[in-house]
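Following: one structure in structure tokens, then a few remarks.
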Amino acid sequence: MGDAQEADLRGTEEDTQAPKQGGDPEAAAHRYVLPEDFFFGAAMSGPQTEGAWCVGGKLENLWDTWSNEDLGAFYNRVGSYAGNDFMARYREDLALMASLGLTTWRTSIQWSRLLTLDGSINPEGAAWYHELFRASHEAGLECFVNLYHFDMPTYLFRRGGWESREVVEAYAHYAELAFREFGDEVLHWFTFNEPTVEPEMRYQEGVWYPKLRDFGRARGVQYHISLAHSLAVRTFRRLQQAGEIRSDAKIGLINAFNPTYTKDDPSEADLEAVRMVGGINNRWWLDLVTAGKLPADVVKTLEDRGVCLPTRPGDEEILAEGVVDWLGCNYYQPRRVQAPQAATDERGHLRLSDDYHWPQARINKSRGWEIYPEGLYDFGLYIRDNYPGLTWFVSENGMGVMHEESNRDAEGVIADSYRIEFVRDHLVCLARAIEEGSPCLGYHYWGLIDNWSWANAYKNRYGFVEVDLGASYERRPKRSAAWLAEVAQTHRIV
Ligand code: BG6
């Protein structure tokens, strides 16, 4: 993806004033049918659902440690401990997903549950995942398995975390053991979820434990995760050739791809901000998983501006093996940037952009994220045009809303028409991209069943299914669940 294409993604007044689906989204939606073999499913992660944080030999990960050290950092003081009680309720949840007409779902193996301190398999952890994959199969659901969802084991963090080569090697070892253990059960593997987000939240923006604010360190982490990803793909290919992984299994990467836009009539400096922000968040991963290398222009600009990646001889050969079979795109919101007011921030770290607040933006006020379904259409065409041959799916998309309990109808059911509208608008944009040739194979909704959302805990609810914290995590479908079931079963966007 070159500068020109990336610049083409900037919003212009013409394409951003009104959604392209026209003034009557419902009527427009009726025109859209998703392909027959398009899959619908649900995305979730181990640390946000499983609970049972310190039983069955599970080690602490950074979420547990942060919860133990500073519970007040979590909304309503709800720490990592219980997830949404999935380990106790997985059969019920799988049946629920199947009853809605879903055919696939994703979770993640927790590194801190599968391996012991000495890096060998924890038999209790392995038994749980074997049981989970068996139950999923019995429920008629294909389970997509991700190996890492922001859940660094704490003892490895204390040895340097993603800033350490030792930990990169430890991840490669963990991936190998997971492939060997579950290689004949799992069809769809993913190395990482959102490898851009952890560097940003933990090392750059000071949001997640240990709340660092260092742009350069964040890029080093991003680089090491790129190596870890590539080493895992290398091992996957080797084991598959040796017959230790199903011959039909595929491996991919999931990232939060935020189409990057700037203002109308941008200056050269605004476009430069788009190039670098889009380059680090999007192109970095797209180039890695299709060409086995990082975008040279981005690396060069970083170097020119004093941010050198922790490269070593032999790394290029490792990165070259990072090419995947397909890609997951988590899409929640676009990124809107403009030239930064200053070249460095208050701590003297490199600053590539300032946020641009588009006056017409529609915001989900609970989460503070812009709702812009067109971004999914733009991403679809971007892939079609710049990464031909790369198949993809929407691996997360969803709407988190606060205080949903105040939306109960006369029968006590949460009436979440806004969620239907959100998903419908995104599916319409996706259908348009597919019609125009983008090879998108499916859609996973994030948070089908309300789950624990990191420091926000249960503040914003994403689910089509409510989790009642006051009633032992009881599950109750919201009004939107019936709508989802109809769409998933008919493939018509009603
Ligand atoms: C994605 C993550 O970034 O967005 C999920 O993969 C996360 O883990 C989801 O929960 C929604 O974001 P949040 O912060 O509202 O939970």
Side-chain angles (χ1 to χ4, degrees), residues 41-51 61-63 66-67 73-76 78-80 82-84 86 105-111 144-152 190-202 204-209 222 225 229 252-259 281-282 285 327-335 363-372 375-376 379 393-404 416 418-419 422-423 426 443-465 467:
M44 53 183 89
S45 78
Q48 293 176 270
T49 59
E50 285 180 4
N61 63 35
L62 283 185
W63 297 103
W66 191 16
S67 301
F74 295 83
Y75 184 74
N76 277 350
V78 176
S80 65
N84 67 7
F86 182 66
W105 70 295
R106 161 167 64 111
T107 189
S108 64
I109 292 176
Q110 294 198 70
W111 186 351
F144 291 17
V145 176
N146 170 35
L147 289 171
Y148 187 87
H149 203 118
F150 314 145
D151 56 334
M152 171 64 62
F190 297 90
T191 55
F192 282 89
N193 177 75
E194 297 189 350
T196 306
V197 169
E198 193 171 21
E200 251 183 40
M201 300 292 270
R202 273 194 211 296
Q204 182 178 321
E205 300 297 331
V207 182
W208 288 348
Y209 182 94
Q222 178 164 345
I225 294 178
H229 156 83
L253 175 89
I254 290 169
N255 189 37
F257 290 104
N258 305 320
N281 293 340
N282 305 330
W285 304 105
L327 181 83
C329 165
N330 293 352
Y331 179 69
Y332 291 91
Q333 56 171 341
R335 185 85 187 260
I363 305 291
N364 167 8
K365 293 203 178 67
S366 299
R367 192 66 184 80
W369 286 351
E370 183 181 341
I371 300 176
Y372 189 63
L376 202 48
F379 178 78
F393 74 110
V394 177
S395 38
E396 285 184 31
N397 175 236
M399 187 181 191
V401 175
M402 274 179 94
H403 304 309
E404 281 204 305
D416 52 342
Y418 41 84
R419 183 162 289 110
F422 178 96
V423 177
H426 282 82
Y443 176 93
H444 278 186
Y445 182 78
W446 173 262
L448 182 89
I449 300 167
D450 289 341
N451 63 20
W452 183 80
S453 269
W454 315 117
N456 281 335
Y458 279 92
K459 177 162 131 193
N460 303 308
R461 303 299 190 97
Y462 282 85
F464 279 90
V465 177
V467 166

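Counting starts at 1 for both ligands and their atoms, in listed order. If you read the sequence from its start, that first residue is 1, and numbering goes on from there.
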Can you find an N or O of [X] that's nearer than 3.5 Å to an N or O of ligand 1?
X      : value
Arg367 : yes
His149 : yes
Asn456 : no

Item to check | side-chain contact (heavy atoms from CB on, under 4.5 Å) assessment of Tyr332 paired with Met399 | outcome: CA-CA 8 Å; Tyr332 291 91; Met399 187 181 191; over 6 Å; no

If you count the atoms of ligand 1 from 1 in the order shown, which ones are under 4.0 Å from a heavy atom of [X]?
X      : result
Trp369 : 12 (O)
Asn193 : 6 (O)
Ser453 : 10 (O), 13 (P), 16 (O)

Is there a donor in the side chain of [X] and an acceptor in the side chain of [Y], or the other way round, less than 3.5 Å apart?
X      : Y      : value
Asn193 : Asn255 : no
Tyr462 : Glu404 : no
Ser395 : Asn330 : yes
Asn84  : Gln48  : no

Next on the checklist: Considering Gln48, Met399, Met201 one by one, which has a heavy atom nearer to atom 10 (O) of ligand 1 than any of the others?
Outcome noted: Gln48

Next on the checklist: Quick test of your reading of the structure: of Trp446, Tyr332, Trp452, Tyr462, whose heavy atom lies closest to atom 4 (O) of ligand 1?
Outcome noted: Tyr332

Heavy atom of the protein closest to [atom] (residue, atom name, distance):
atom                   : value
atom 7 (C) of ligand 1 : Trp454 NE1, 3.7 Å
atom 6 (O) of ligand 1 : Glu396 OE2, 2.7 Å
atom 3 (O) of ligand 1 : Glu194 OE1, 2.6 Å

Item to check | Side chain, backbone, both or neither: Asn460 near ligand 1, heavy atoms under 4.0 Å | outcome: neither

Checklist entry - Honestly, is Arg419 close enough over Trp446, meaning NZ or CZ under 6.0 Å from the six-membered ring centre and within 45° of the axis? => result no

Checklist entry - Do Phe192 and His149 pass the ring pair (Phe, Tyr, Trp, His ring centres under 6.0 Å) test, and can you show the C-alpha distance, the side-chain angles, and the key distance before you say yes or no? => result CA-CA 6 Å; Phe192 282 89; His149 203 118; over 10 Å; no

Checklist entry - Closer than 4.0 angstrom: is that true for some heavy atom of Val197 and an atom of ligand 1? => result no

Checklist outcome for this item: Partner of Tyr458 under side chain to side chain contact (heavy atoms under 4.5 Å, CB included), picked from Tyr75, Trp452, Phe74, is Trp452

Checklist entry - What orientation do Phe190 and Phe393 show, parallel under 30°, tilted 30 to 60°, or perpendicular over 60°? => result tilted

